[in-house]
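Since the structure comes first, as structure tokens, the remarks are kept for the end.
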Amino acid sequence: MKNIVIDDLHFELMIDYDQIQKRIRLIGIDINLRYEHKHPVFIGVLNGCFMFMADLMKQVHIPCEMSFVKLASYSGTEQGKVSELLGVGMDLTDRHVVIVEDIVDTGNSLVHTIEALERLNVASISVATLLMKPSCLLYTFDNIMYVGFEIEKEFVVGYGLDYNGQCRNLQHIYKQFDPQLIEKNN
Ligand SMILES: O=P(O)(O)OC[C@H]1O[C@H](OP(=O)(O)OP(=O)(O)O)[C@H](O)[C@@H]1O
Ligand SMILES: Nc1nc2[nH]cnc2c(=O)[nH]1
């Protein structure tokens, strides 16, 4: 299935499942070495992370724990906007945490997730993201340790990522294209 149409948008195959799995195996090897004696906690940020988290955890063979969170932001306090992590469900004090994201685009979500975890007095925070759009980043992060693939400023779906709530179930990653541009060039 090379091209797909979801509602009003057209998508073409960008990264296939085998490529994703190869990259995840390499990330797993590094995590197994780096965190061997640290008993890390992997925190998946829902919804998009679920496929990456599942496949990544199959490559992690050291003692570890995991949890899934949702990010809720609210404003109106004296400090302005505050983000809360819903669903942590465990004490993270002094724990080495690896945030697992499907994509870092502007970095807004990641900033809020990191800030919320810092308030929980964790020992360390690093980030594993399957995709990153370096040209879209609005912040500098010094703790993004694992990036599966760097991509251009393009809208992608599949492998956990949605468009209008659809496509999360697709095995491969697809990028949006404009069919009218292709017609014009032919
Ligand atoms: O770097 P940013 O510009 O913040 O974009 C990245 C975020 O966007 C997506 O989440 P979304 O809020 O769409 O929720 P979802 O995971 O439920 O799809 C994705 O899962 C990241 O968390
Ligand atoms: N589905 C999807 N969600 C995103 N959130 C931030 N960037 C993206 C993207 O390219 N695709």
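In each ligand, atom 1 is the first atom listed, and ligand 1 is the first ligand listed. For the single chain, residues carry numbers from 1 onward in sequence order. Just so it is clear, the structure is predicted and the values come from calculations on it, not from any experiment.
Taken together through direct or relayed side-chain contacts under 4.5 Å among Ile, Leu, Val, Met, Phe, Trp and Tyr, I125 and M132 form part of one hydrophobic cluster. Both L161 and Y146 belong to a common hydrophobic cluster when Ile, Leu, Val, Met, Phe, Trp and Tyr are linked at side-chain heavy-atom distances under 4.5 angstrom. No path of Ile, Leu, Val, Met, Phe, Trp and Tyr side chains, each step under 4.5 Å between heavy atoms, connects V5 with L181, placing them in separate hydrophobic clusters.
Looking only at atom types and distance, the side chain of Y174 has no donor-acceptor partner in the side chain of N3 under 3.5 Å away.
Under a 4.0 Å heavy-atom criterion, Y163 is not in contact with ligand 2. Taking a 4.0 Å cut-off on heavy atoms, I103 registers as neighbouring ligand 1. Residue D162 places a heavy atom less than 4.0 Å from ligand 1.
With a 4.0 Å cut-off on non-hydrogen atoms, K133 does not touch ligand 1 at all. Under 4.0 angstrom from ligand 1, the non-hydrogen atoms of D102 all belong to its side chain.
Per-residue contacts place E154 under 4.0 angstrom from the following atoms of ligand 2 (heavy atoms of the residue considered): 10 (O). Taking a cut-off of under 4.0 Å to the non-hydrogen atoms of K133, the atoms of ligand 2 that pass are 7 (N), 8 (C), 9 (C), 10 (O). Heavy-atom proximity to D105, at under 4.0 Å, picks out these atoms of ligand 2: 6 (C), 7 (N), 8 (C). Taking every non-hydrogen atom of T106 and a distance limit under 4.0 Å, the qualifying atoms of ligand 1 come out as 1 (O), 2 (P), 3 (O), 4 (O). Atom numbering of ligand 1 starts at 1 in the shown order; those under 4.0 Å from a heavy atom of N108 are 1 (O), 4 (O). Contact atoms of ligand 1 toward R168: 15 (P), 17 (O), 18 (O) (distance under 4.0 Å to a heavy atom of the residue). Under a 4.0 Å criterion applied to the non-hydrogen atoms of D162, ligand 2 contributes the atoms 1 (N), 2 (C). Close approach of ligand 1 to N47 (heavy-atom distance below 4.0 Å) involves ligand atoms 15 (P), 16 (O), 17 (O).
Geometrically, ligand 1 and G107 share a nitrogen or oxygen pair separated by less than 3.5 Å. Inclusion of V104 in the set of residues having an N or O under 3.5 Å from an N or O of ligand 1 is not warranted. Checked by distance only, ligand 2 and V156 come closer than 3.5 Å through their nitrogen or oxygen atoms. Considering backbone and side-chain N/O of K70, none are found under 3.5 Å from N/O of ligand 1.
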Original post:
Hey, mind stepping through N164 and I6 against side chain to side chain contact (heavy atoms under 4.5 Å, CB included) and telling me if it holds?
Top reply: CA-CA 9 Å; N164 281 349; I6 307 294; 5.7 Å; no
Subject >> CA sep, side-chain torsions, deciding dist, call: L117, V69, side chain to side chain contact (heavy atoms under 4.5 Å, CB included) >> reply: CA-CA 11 Å; L117 283 169; V69 296; over 6 Å; no
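Protein heavy atom closest to atom 8 (O) of ligand 1, with residue, atom name and distance, is S109 OG, 4.3 Å. Among protein heavy atoms, atom 4 (C) of ligand 2 sits closest to I103 CG2, 4.1 Å. Distance from atom 16 (O) of ligand 1 to its nearest protein heavy atom, with residue and atom name: G48 N, 2.9 Å. Nearest protein neighbour of atom 5 (O) of ligand 1, counting heavy atoms only, is D105 CB, 3.6 Å.
Without hydrogens or angle criteria, R95 side chain to K38 main chain gives no donor-acceptor distance under 3.5 Å. In terms of modelled atom types and a separation under 3.5 Å, the side chain of T93 and the main chain of N121 share no donor-acceptor contact.
Atom CD1 of residue I173 and atom CD1 of residue I103 lie 8.0 Å apart, to the nearest 0.5 angstrom. To the nearest 0.5 angstrom, C136 atom SG is 11.5 Å from N108 atom CG.
Closer than 4.0 Å to atom 14 (O) of ligand 1 lies none of the heavy atoms of the protein. Atom 10 (O) of ligand 1 is not flagged as protein-proximal [any protein heavy atom, distance under 4.0 Å].
Between H172 and Y17, the ring planes lie perpendicular to each other; the angle is over 60°, past the 30° to 60° tilted range. Taking the six-membered ring where the residue is Trp, Y35 and H96 present perpendicular rings, their angle passing 60° and hence far from 30°.
Using a 4.5 Å cut-off on side-chain heavy atoms (C-beta onward), K58 and D55 make contact. Between E12 and K2, the closest side-chain pair of non-hydrogen atoms is not below 4.5 Å.
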